[in-house]
2 protein chains.
Amino acid sequence: MGNNRVTLADVARRAGLSKTAVSLVLNGREGTRLSAEAHQRVFAAAEELGYRPNIAARSLRTRKTATIAFVSDVVATTRFAGGLIRGALDAARERNHVLLIAETQGDTSFEQHAIDAMIDRQVDGVIYAAMATRRLTVPPALLANPVVLLNATSPDGLPCVLPDDEQAGHTAARTLLDHGHRDRIAVVGRNRLKEHDPEVSLAADARMRGIQRALSEAGTSLGHEVFCRDWLPEYGFSAMRSLLHRSPRPTAVICMNDRLAFGVYQALADAGLGVPGDVSVISFDDDPIAAWLRPALSTVAIPHEPMGRRAVELLLDGNTAGRRLVPMSLRRRSSVAPPA
Amino acid sequence: MGNNRVTLADVARRAGLSKTAVSLVLNGREGTRLSAEAHQRVFAAAEELGYRPNIAARSLRTRKTATIAFVSDVVATTRFAGGLIRGALDAARERNHVLLIAETQGDTSFEQHAIDAMIDRQVDGVIYAAMATRRLTVPPALLANPVVLLNATSPDGLPCVLPDDEQAGHTAARTLLDHGHRDRIAVVGRNRLKEHDPEVSLAADARMRGIQRALSEAGTSLGHEVFCRDWLPEYGFSAMRSLLHRSPRPTAVICMNDRLAFGVYQALADAGLGVPGDVSVISFDDDPIAAWLRPALSTVAIPHEPMGRRAVELLLDGNTAGRRLVPMSLRRRSSVAPPA
DNA sequence: TGCTCTTGCTAAATCAGTTTAGCGGCTTGT
DNA sequence: ACAAGCCGCTAAACTGATTTAGCAAGAGCA
């Protein structure tokens with residue numbers, strides 16, 4: 001196993017120099033007065049022996065592990081997480097860092113355990129991620145070292161990365177307005193809890209603000225709105241059913257996420273109505289399902305990868321406190337058309 | 001930061017004992033002749049100071065890091081990965097280990113980089129995971145330390161964890177037979193490449209074998225089959241369309257995965273046919289979408305969490321070589337009924 | 001009394017790096 | 001001619017744990 005790994009001492013012996021010299025050369029230290037010839041000998045020896053530094057040993061002295069902890073409530077294993085981790089992974093790789101991941105599953109003792117485990121391993125910093133965009137309080141144990149919140153804010157004013165949901169709401173509404181929809185635009189998925197409790201969601205309120213701003217800028221306002229207990233297909237389904245009983249019928253529906261939109265599609269199909277011929281649909285998230293629906297669903301994507309990437313950059317490069325909003329962009333597909 | 005972390009020496013000083021004594025006590029070593037009183041003093045001191053061992057320092061000596069590398073082609077960020085990582089994370093936590101993750105994205109240089117990065121950090125072992133169940137060759141650099149393949153096999157005969165797709169195929173077909181379907185069962189999603197090239201897929205062939213075994217045990221055989229270029233909704237859609245032109249029309253369809261089944265649902269809805277009234281549908285994977293469809297789709301689930309868990313157990317406990325098949329179980333929902 | 005054994009504990013080596021302090025030899029300035 | 005400074009390099013300390021080797025005091029035995 002590692003018993004015969006090549007060490008710095010081996011390289012030094014081979015190069016006929018001291019460990020010090022080898023360390024200085026391999027770390028590319030400026031201002032050492034080692035000769036060009038010594039540099040050559042070190043590089044050659046390291047190359048020939050296939051030397052790789054032992055990071056545990058190094059970090060013992062330097063207190064840098066080139067390792068970042070990615071701690072999340074439950075995000076690490078949801079579809080949602082994919083892009084977040086991918087982006088973080090990419091940015092970490094570019095900076096020669098690796099990611100240690102842990103999931104708290106919302107359990108305080110798991111969380112404590114996870115954080116301890118990470119800190120014991122001397123991570124250089126922690127990315128604390130939430131599945132739903134929301135406000136949270138970070139465990140005090142974390143505050144001792146660099147932290148960046150991902151998809152969350154905290155009262156401590158820690159640096160954080162969030163999607164720009166208000167702009168997304170504006171984009172969604174603006175898109176419908178641009179297609180000629182006006183007074184008969186409905187929203188599916190309003191939810192008092194999500195909109196009023198920042199510890200539950202920040203997205204719901206921000207998206208609504210964006211939608212309402214776009215409408216009032218256009219001199220109009222929301223035609224209908226339906227509240228939903230949760231943002232799941234079944235609630236979208238019944239919400240759309242209830243909308244179809246109202247008159248005038250909406251010409252377009254903004255769904256608070258793609259799963260609701262899926263339910264809305266089902267209800268429209270059951271009623272024999274076509275998208276976008278009879279009703280246009282637009283939504284948020286860009287869940288994989290959005291591209292699979294027929295017609296494909298136009299939706300304002302959560303920028304998972306850029307967010308993950310941004311969090312790592314913020315952590316590693318100077319991270320001034322405060323929030324960073326990452327823009328959300330429209331995936332134009334086929335579910336929006338002018339009203340009949 | 002870490003400059004004032006409590007060290008073993010601090011605890012020793014406080015307890016009025018040597019570092020050796022403290023180390024022995026805290027590690028619960030048997031056969032030391034330290035007095036009960038010394039034990040008390042050590043525990044008290046450690047507790048009072050909030051001592052936590054520095055794992056980098058420890059691993060320098062012991063060559064154990066309590067860290068596992070989870071290297072995958074692309075699995076880490078797909079929906080697919082969720083359960084795999086979750087299971088691995090759970091099992092790792094139970095054993096006081098953590099997971100270092102990396103993604104190669106199928107790029108050889110990324111892969112080399114990732115593997116080096118993990119080995120430099122002295123991981124105790126590597127889980128090498130694939131997104132699609134398939135055969136692959138593991139990079140030679142890995143062979144120097146413990147490896148378990150997850151969702152993959154290799155010619156090296158390394159220990160590996162795979163879903164039992166043949167049994168899954170048998171279960172799917174058996175379920176339809178039990179409901180009274182017999183000669184008019186169709187398969188959607190046959191694919192020569194997937195079935196014949198183990199480096200592309202092992203699942204396709206295994207599922208087909210299971211299906212055919214169940215049918216021949218019942219003295220019947222496949223009514224129809226449609227080949228698909230890929231297992232995506234659009235191909236399921238056109239496959240089902242073509243099936244509807246044949247006569248006799250199938251009474252039930254086995255889809256090779258849930259995304260195909262989604263397309264099949266769309267085609268049936270377009271044709272005004274009901275599931276399961278006119279056609280029963282059963283599938284594989286248990287993608288989240290399966291539960292969202294109306295009627296909810298019965299499908300044989302890939303046991304992601306147990307697989308991830310199993311991989312960690314295999315790696316940490318004695319891992320005798322050879323393959324472990326993890327059973328796949330049926331999620332009974334509403335898409336299967338007796339033929340009309 | 002002298003010898004060995006056990007008991008309870010510790011000094012020092014070790015892991016693989018980084019960093020500090022400084023050593024000879026040569027050049028330069030006065 | 002002599003001090004000062006530079007050049008090229010190294011010995012040794014240090015990081016925080018584990019582990020080996022062994023010491024001193026007391027007990028047991030002849």
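By convention in this document, chain letters (A, B, ...) are assigned in the order of the sequence lines, proteins followed by strands, and residues within each chain are numbered from 1.
The side-chain heavy atoms of B:Tyr128 and B:Leu142, taken from C-beta on, include a pair separated by under 4.5 Å. Two residues are said to be in side-chain contact when any heavy atoms from C-beta on lie closer than 4.5 Å; B:Val312 and B:Ile68 meet this criterion.
Residues passing the side-chain contact (heavy atoms from CB on, under 4.5 Å) test with B:Leu24, sequence neighbours excluded: B:Thr20, B:Arg29, B:Thr32, B:Leu34. Applying the side-chain contact (heavy atoms from CB on, under 4.5 Å) test to B:Tyr51 and every residue at least two apart in sequence or in another chain returns B:Val6, B:Leu8, B:Val11, B:Leu26, B:Ala46, B:Pro53.
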**Message:** Working note: B:Asp73 + B:Arg134, criterion salt bridge (Lys or Arg N to Asp or Glu O under 4.0 Å); need CA distance, chi angles, decisive distance, verdict.
**Reply:** CA-CA 12 Å; B:Asp73 43 11; B:Arg134 63 192 190 91; 3.8 Å; yes
**Message:** Between B:Thr65 and B:Asp124, is the side-chain hydrogen bond (donor to acceptor under 3.5 Å, both in side chains) condition met? List the steps.
**Reply:** CA-CA 6 Å; B:Thr65 48; B:Asp124 293 343; 3.2 Å; yes
**Message:** Could you go through B:Arg5 and B:Arg52, starting from their C-alpha distance and side-chain angles, then the distance that decides it, and tell me whether this counts as side-chain contact (heavy atoms from CB on, under 4.5 Å)?
**Reply:** CA-CA 8 Å; B:Arg5 249 184 88 112; B:Arg52 307 230 89 226; 3.3 Å; yes
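In terms of phosphate contacts, A:Ser23 brings a side-chain nitrogen or oxygen within less than 4.0 Å of OP1 or OP2 of C:dT18.
For residues 147-159 of chain A, the side-chain hydrogen bond (donor to acceptor under 3.5 Å, both in side chains) pairs, not counting sequence neighbours, are A:Thr133-A:Asn151, A:Ser154-A:Asp156.
Put simply, CZ on A:Arg121 is 18 Å from P on D:dG16, counting in whole angstrom units. For the pair A:Gln122 CD and C:dG17 C1', the interatomic distance rounds to 15 Å; values are reported in whole Å. In this structure, NZ of B:Lys64 is placed 16 Å from C1' of D:dT19, rounded to the nearest angstrom. In this structure, the CZ atom of B:Arg13 is 11 Å from the P atom of D:dG16, given to the nearest Å. Residue B:Arg63 contributes atom CZ, which lies 12 Å from atom P of D:dT19 at whole-angstrom precision. With rounding to whole Å, B:Ile119 atom CD1 is found 16 Å from C:dA16 atom P.
An angle of 70°, rounded to 10°, separates the two end axes of the helix from C:dT1-D:dA30 to C:dT30-D:dA1, each defined over five pairs.
Inspection of the A:Thr67 and B:Arg121 side chains reveals an N or O donor paired with an N or O acceptor under 3.5 Å.
A heavy-atom distance below 4.0 Å to DNA chain C is reached by these residues of residues 44-61 of chain B, ordered by number: B:Leu60, B:Arg61.
Using a 4.0 Å cut-off between charged nitrogen and carboxylate oxygen, B:Glu94 and B:Arg309 count as a salt-bridge pair. Checked for salt-bridge contact, B:Asp317 and B:Arg310 miss the test: no charged N lies under 4.0 Å from a carboxylate O.
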**Request:** Assign a letter to each nucleotide of nucleotides 5-10 of chain D from its 5' end: B, base within under 4.0 Å of a protein heavy atom; S, sugar-phosphate only; -, no contact.
**Result:** --BBBB
